[in-house]
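Residue numbering restarts at 1 for every chain, and letters A, B, ... go by the order of the sequence lines.
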Protein chains: 2
Amino acid sequence: MELQQLRYVCAVADTGSFSRAAERCQIAQPSLSQQILKLEEDLDAKLFDRLGRSIRLTEAGRAFLPHARSVLQNVEAARSSVAVQQLDVRGSVAVGVIPTIAPYRMPGYTARFTEKFSQARMRIVEDMTPALVEGLRDQSIDLAILALPLRHKDLEVIPLCTEPVFAALPRDHPRAGSDSLSLNDLRGEPFVMLRDGHCFRDLSIAACSSARITPNIAFESGQFSSVLAMVGAGVGISMVPEMAVDPGAACCYTRLSDARARRTIVLASLRGRTFNLVQNAFADVVTAMEHTRRHDLSSP
Amino acid sequence: MELQQLRYVCAVADTGSFSRAAERCQIAQPSLSQQILKLEEDLDAKLFDRLGRSIRLTEAGRAFLPHARSVLQNVEAARSSVAVQQLDVRGSVAVGVIPTIAPYRMPGYTARFTEKFSQARMRIVEDMTPALVEGLRDQSIDLAILALPLRHKDLEVIPLCTEPVFAALPRDHPRAGSDSLSLNDLRGEPFVMLRDGHCFRDLSIAACSSARITPNIAFESGQFSSVLAMVGAGVGISMVPEMAVDPGAACCYTRLSDARARRTIVLASLRGRTFNLVQNAFADVVTAMEHTRRHDLSSP
DNA sequence: TACTAGGTATAGGCTTTATCTATGGAACTC
DNA sequence: GAGTTCCATAGATAAAGCCTATACCTAGTA
């Protein structure tokens, strides 16, 4: 049984004639005849009585016809369900973001995105990198904004920006106000760091390692605002990415010259995944905003 | 979109793998891959994400899948609706019969038929030939039992029996008790005849014409029982087919030797029509019973 | 790193089949 | 009785489905 055959049956039932049905179906009459015969053979039942000039449904035909119509309607429903889904601006997107980016970027992303897609359902998950990677894999989140390095080959990343890392020093620190600073200059200082699990902690420690420093960690916190507060209180020094630099905190910031003192933010997704309209749009917003930011910074 | 493609999609969704789906569908994996790709192209949407080893439905796929399953179920429903209809012993049959046969044969037919098909719905229409022919054409009746001649090329007839015609004479008629009689012997007698419209009236008049008689019609009635009663009362003579011969009536019967004095009963149906199980069974019962009757009459 | 295994996409050939044109045959019309 | 209409049949052609072989990719492993 083929869908074409069902279309032909319906056409014959509607027009009451093989010839007119063939015309409506845009095929030659013998082709339609053959397909009807083939279907009848397949079903082992005649569907039409050929009574000279007129064609009439047999009882089997009357039993079959509503099902045939139903199948064809269903096929159209299947087709349009996909089309609607493809264009649906009410789709949903789940975005993961690490805590050391979330407060600085997500408000801007979501505001811009919601302007254009007010009907979309958006879910934001703030968690650390391993949880987000897992989320991408099990598709509980669609996109993630996080920092390199990422050594998962099943993920696809789009670079968003690379930002310098700044040393955060108490205002009364001897090096406060320096034009330039490297980690080597901070050897032996007590460090305030993010808690274990934060990728920026790993980045910081890796940068220290490159500078042959084993940091002496005096305090740990889960967020930069606490870190900066502790630095301002003189507990130690720290490193923060540019976006976390807060002039309101009682710290001095100096850009670190170390090659490793850079953080690259990326938009990550599962390699090979397909996205809906809303998900693609969110990704577009994020990349466009970061592109604009680079442009704004470099031009003036 | 083809039904095969829908089967493949369901198989992939069920097994989570193109290879296993191909195995289940009894085809080579590339063939299945091609068909899925073709469908995706047709729908202009990816249905599956190929993520290395595992396959997952996209959102479009999730939207599409239930419709695909529904279509396939519907196709099966269509197929089985025909199969059930073909085998349904609860089908219906409408049988037309002319009044000059009905009382003599229908009781036997229906009794035998109902024995085997107690669940069938049977409708019996007793009317004269033109109405029955019209009924066959508009399919308000499926089969008709009537007498030749029938010169409608759109009808198909199966002969059931050919019976002699008897002269019915009052018991005190001079020719009553004759071994042999022809219409010529009855020239000038007053005739009792069926009313206009009955085909046996036409047959009777045609037989008279062949014998060069223009019957003088003294009385007309709608049924043989009245005819015979009038004959017995001496109103006139008449002609009746063998099955109408009633020893209980006050008549003498003598077989007419005229070549035209014969009635052929047939089972008629619309040429090219298709019958359900019950209709075929009724036709079988009728022909079998008439065949048996001929056999019973000829053998002893 | 290289190699194997598991899985999908691509390429090329073969076979089936849906469609076409031309024609036959039956029934209806003028 | 010729012409028309309509469905079925026959033979040819072109498309499409399926096959085998193979390339390609990822993941796991020596």
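- In this structure, Arg20(B) does not pair ionically with Asp14(B), as no charged nitrogen and carboxylate oxygen lie closer than 4.0 Å.
- Glu76(A) and Ser80(A) share no side-chain donor-acceptor pair at under 3.5 Å.
- Atom CZ in Arg56(A) sits about 15 Å away from atom P in dC7(D), given to the nearest Å.
- Atom C1' of nucleotide dT20(D) and atom CD1 of Ile27(B) are separated by 14 Å, given to the nearest angstrom.
- For Asp49(A) and dC7(D), the CG to C1' distance is 14 Å, given to the nearest whole Å.
- When the C1' atom of dA16(D) is taken as reference, atom CD of Glu41(B) falls 14 Å away, rounded to whole Å.
- Separating the CD atom of Gln26(A) from the P atom of dC20(C) is a distance of 10 Å, rounded to the nearest angstrom.
- Glu40(A) places its CD atom 11 Å from the P atom of dT9(D), with the value rounded to the nearest Å.
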Exercise. Along nucleotides 5-18 of chain C, 5' to 3', which nucleotides get a B, which get an S, and which get a -, given that the test is a protein heavy-atom distance under 4.0 Å?
Worked result: --SBBB------SS
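- Straight-line distance from the CD atom of Glu23(B) to the C1' atom of dC19(D): 16 Å, rounded to whole Å.
- Counting heavy atoms from C-beta on, the side chains of Leu32(B) and Ile36(B) come closer than 4.5 Å.
- Under the ring pair (Phe, Tyr, Trp, His ring centres under 6.0 Å) criterion, the residue pairs touching residues 263-283 of chain A are Phe113(A)-Phe282(A), with sequence neighbours excluded.
- For the pair Leu155(B) and Leu270(B), the minimum side-chain heavy-atom distance is below 4.5 Å.
- When the P atom of dA16(D) is taken as reference, atom CE of Met1(B) falls 16 Å away, rounded to whole Å.
- Between Arg105(B) and Glu163(B), no side-chain nitrogen of the basic residue sits less than 4.0 Å from a carboxylate oxygen of the acidic one, so the salt-bridge criterion is not met.
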